[in-house]
Amino acid sequence: MLRVLRKLKECVRHQVDVIFSSDSVLEEGLSNLEITYWTCQCNLGQFLDFARLYVSQTALESKITAVGIRGPTSEDTWCLDPRGFLTLSVGKETYEALGLVGEPLPWKEHRDLHAIHISLRDSCPESDDMKTWLKYGRKEVDAIRRWDLKRQHWKIFFHCAAGLDNMLPNSVRHVVKGKVQRLENCRIPEPRPYLAAVSQASGNAEDAEDWEECLSSLFEWVGMAALASPRLFTNDGCDPYIAVYTPPEPSRVGDITTIRWSGFLSSVYLDHMLDVILSTDSPSPSLVSVTAQSIGMSPVSYLPRNVKKAPPRRVPRVDAEDVWSLIFVRENGNAWWASAESIGQWDRRWG
Amino acid sequence: MSYRAADSGNKDIYAELPLINNERLKFHSSTPFIPDYVKGNVSRAVDPSQTYASRVEGRQILLDNPARERKAKKVREEQRLKRASEQARKAAGIMSQEEGKKSGVWKLQKEETKFSLFLPLHSLWLGYMTELLSLPSLPATTGGSPATGLPNTAGMHAKLIKADFHGALITVRRSKNPCLVGHSGIVVHETENAFKVITALDRLKLIPKQNSVFVFAVPLYATPALPPSTSSSSPVPRTVLDMPHIEFELYGNHFCFRAAERAGRKFKHKETIEL
């Protein structure tokens with residue numbers, strides 16, 4: 001299960017919601033988690049000179065991740081992923097003037113957008129599926145310098161796991177603490193029927209369909225809890241002809257705690273969250289869900305396990321959909337988990 | 001005069017005309033046959049004489065297909081014209097494309113591919129630009145804002161578009177092919193679809209004009225031919241970029257013509273300048 005968890009957390013997230021049936025120990029453990037990131041406004045060249053100090057040449061993961069955005073009207077954006085690779089997503093005009101070889105996005109509506117992959121390490125990965133990798137050399141430095149001369153500064157969000165010796169000028173440190181919200185007297189689904197469904201899911205198509213229906217209702221409940229929907233309350237007196245939603249049965253009455261972090265959330269913090277959740281001995285049965293949304297404007301939202309493989313292409317946009325949700329249930333020494341991902345249009349994550 | 005239509009049947013057309021009223025048919029030049037015949041038979045016209053005078057008199061009518069020229073004669077004529085043009089070309093000293101390729105006139109040897117060897121050509125081009133654009137001479141006082149010294153560029157565009165670019169220093173500013181962006185050099189040969197430039201790293205590059213936007217610089221002030229390189233204490237400006245200059249953009253898609261053709265061509269205004 002940890003392998004799945006680590007696969008899911010391998011990129012920066014914009015918002016993370018953790019929902020669980022109220023448990024003071026778990027709540028304390030998660031509330032104490034402080035997330036730090038920095039923002040600054042500077043040139044890309046200047047930032048890369050700073051970032052290269054923290055890009056590891058040997059380790060799989062580097063200590064620095066970043067995303068650069070120009071504004072809602074500009075289609076140019078870039079990100080520096082934890083492996084030390086810079087991915088630029090640029091429009092037609094910028095690509096024709098930049099002089100760096102990239103690849104166009106495969107969708108007809110976004111043919112003008114190009115993705116350029118530059119390695120800040122001393123070595124480049126092998127070419128994979130006609131993807132062209134560039135090494136950050138003199139030509140790339142000149143191209144980025146010319147680009148910086150033409151345009152205004154970037155708004156950069158970054159996180160560095162190592163201690164920062166020389167900080168960029170005008171950097172602002174942000175500390176994000178989770179916003180805790182408690183919902184009392186809510187319907188919480190009983191995990192036992194889902195456990196049974198899991199054990200029967202290996203059977204015929206009907207069982208598989210039932211299992212899917214069970215789980216989709218469970219994930220729907222998680223979404224409603226994240227929204228603090230009044231439909232979950234036991235004393236909800238909404239007209240049944242208007243409110244379509246009913247919590248899945250069987251359910252018990254209890255309190256729900258929701259903790260939300262918003263900002264530039266590095267995968268390091270997701271790691272901490274999952275460690276806290278897995279290590280806390282919550283009263284049985286315990287149901288914990290973690291839902292994470294990616295940064296829509298980032299050209300990269302998912303990293304494959306193999307360092308040599310390029311990340312799947314996507315169109316960076318403000319309203320891009322890229323959410324994963326994980327449910328972890330523990331009861332009487334047994335545990336099971338389920339995860340669901342929702343990917344929007346123009347994303348090659350699934351092909 | 002009247003006549004009788006020939007009887008039906010097989011008659012020898014070269015036989016003598018039959019007698020009419022036991023008299024041979026006589027034609028007189030004072031009373032020609034055709035006018036009378038036409039006028040007599042144009043019954044619908046209001047004025048037959050007028051009709052004859054306007055539509056028949058003086059006209060030549062082909063009664064049969066003209067004789068075709070013999071093929072051999074045609075071939076001989078073509079060969080004669082070809083020989084004549086070759087002789088005229090030889091007399092003028094023009095080399096054909098094949099001869100040029102065979103003799104390697106357009107190829108540079110390795111020892112000739114040096115940027116420094118083409119600097120005098122660039123210097124000549126600067127002098128050419130000075131004359132073409134009638135650039136002012138360098139002011140005596142160097143003070144004052146740079147904006148006051150800028151010439152009026154409105155009239156320069158029409159002259160530059162017809163100018164010769166051999167010796168100009170051009171740079172690729174934008175291109176659909178990202179590998180070409182940034183290439184810069186002195187133009188050693190301009191063809192219809194490409195520039196052959198020699199870069200500062202002594203490399204000969206062939207840059208297609210299509211789908212590229214070039215930038216070239218023109219000196220701001222009158223520039224005489226650069227002095228030969230001698231070891232002097234003050235650094236001698238080597239190219240136009242080392243002196244006050246103005247940059248112009250050149251859209252390759254609209255520039256795909258030979259230099260000789262461009263001189264007499266009328267360039268139309270184009271709405272789109274996208275690559």
Side-chain angles (χ1 to χ4, degrees), chain A residues 43-45 48 74-78 85-106 108-119 124 127 130-151 299 310 313, chain B residues 115 146-147 169-187 193-217 239-242 244-256 270-275:
Chain A
N43 291 334
L44 179 56
L48 290 177
S74 172
E75 53 189 356
D76 298 340
T77 177
W78 58 266
F85 299 138
L86 175 71
T87 303
L88 309 175
S89 176
V90 295
K92 180 174 178 275
E93 277 187 26
T94 308
Y95 182 68
E96 285 169 357
L98 205 53
L100 299 176
V101 179
E103 48 178 5
L105 293 185
K108 198 166 50 170
E109 301 89 341
H110 298 282
R111 273 273 174 217
D112 287 346
L113 286 178
H114 286 76
I116 303 171
H117 305 284
I118 304 175
S119 169
C124 274
S127 295
M130 78 174 187
K131 296 195 182 45
T132 311
W133 291 92
L134 305 173
K135 210 166 125 183
Y136 190 63
R138 194 168 56 89
K139 185 181 175 189
E140 286 72 23
V141 169
D142 288 342
I144 289 172
R145 184 182 49 79
R146 278 198 313 268
W147 192 20
D148 286 335
L149 285 173
K150 284 184 193 172
R151 310 298 288 264
R313 288 171 280 179
Chain B
F115 184 77
L169 186 69
I170 62 167
T171 306
V172 180
R173 183 55 58 85
R174 296 202 309 270
S175 177
K176 268 193 175 172
N177 179 358
C179 297
L180 296 177
V181 175
H183 282 323
S184 177
I186 295 176
V187 176
N193 293 309
F195 285 116
K196 231 183 245 184
V197 302
I198 187 151
T199 65
L201 298 174
D202 298 337
R203 283 188 192 154
L204 192 66
K205 298 272 183 192
L206 181 73
I207 305 174
K209 291 179 184 174
Q210 199 76 19
N211 297 329
S212 293
V213 174
F214 301 90
V215 158
F216 66 94
T239 66
V240 65
L241 301 177
D242 299 321
H245 60 272
I246 321 168
E247 272 191 356
F248 289 91
E249 275 195 346
L250 185 68
Y251 291 89
N253 283 346
H254 304 161
F255 207 66
C256 292
K270 300 255 181 177
E271 292 298 334
T272 55
I273 53 172
E274 283 187 11
L275 289 177

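When reading the values below, keep in mind they use all heavy atoms of this one structure, side chains included, and skip hydrogens, waters and symmetry mates. Just so we're on the same page: letters track the sequence lines, and every chain starts at 1.
Using a 4.5 Å cut-off on side-chain heavy atoms (C-beta onward), A:Val101 and B:Pro178 make contact.
Here the straight-line distance linking atom OG1 of A:Thr94 with atom CZ of B:Arg174 works out to 10.5 Å at 0.5 Å rounding. Note that SG of B:Cys179 and NZ of A:Lys139 are 5.5 Å apart. Values are rounded to the nearest 0.5 Å. Rounding to the nearest 0.5 Å gives a distance of 8.5 Å between CZ of B:Arg173 and CZ of A:Arg146.
Within a 6.0 Å radius of CD in B:Glu249, more than 12 heavy atoms belonging to other residues, nucleotides or ligands are found.
Among all heavy-atom pairs drawn from A:Ala97 and B:Val181, the shortest one is O-CG1, 3.5 Å.
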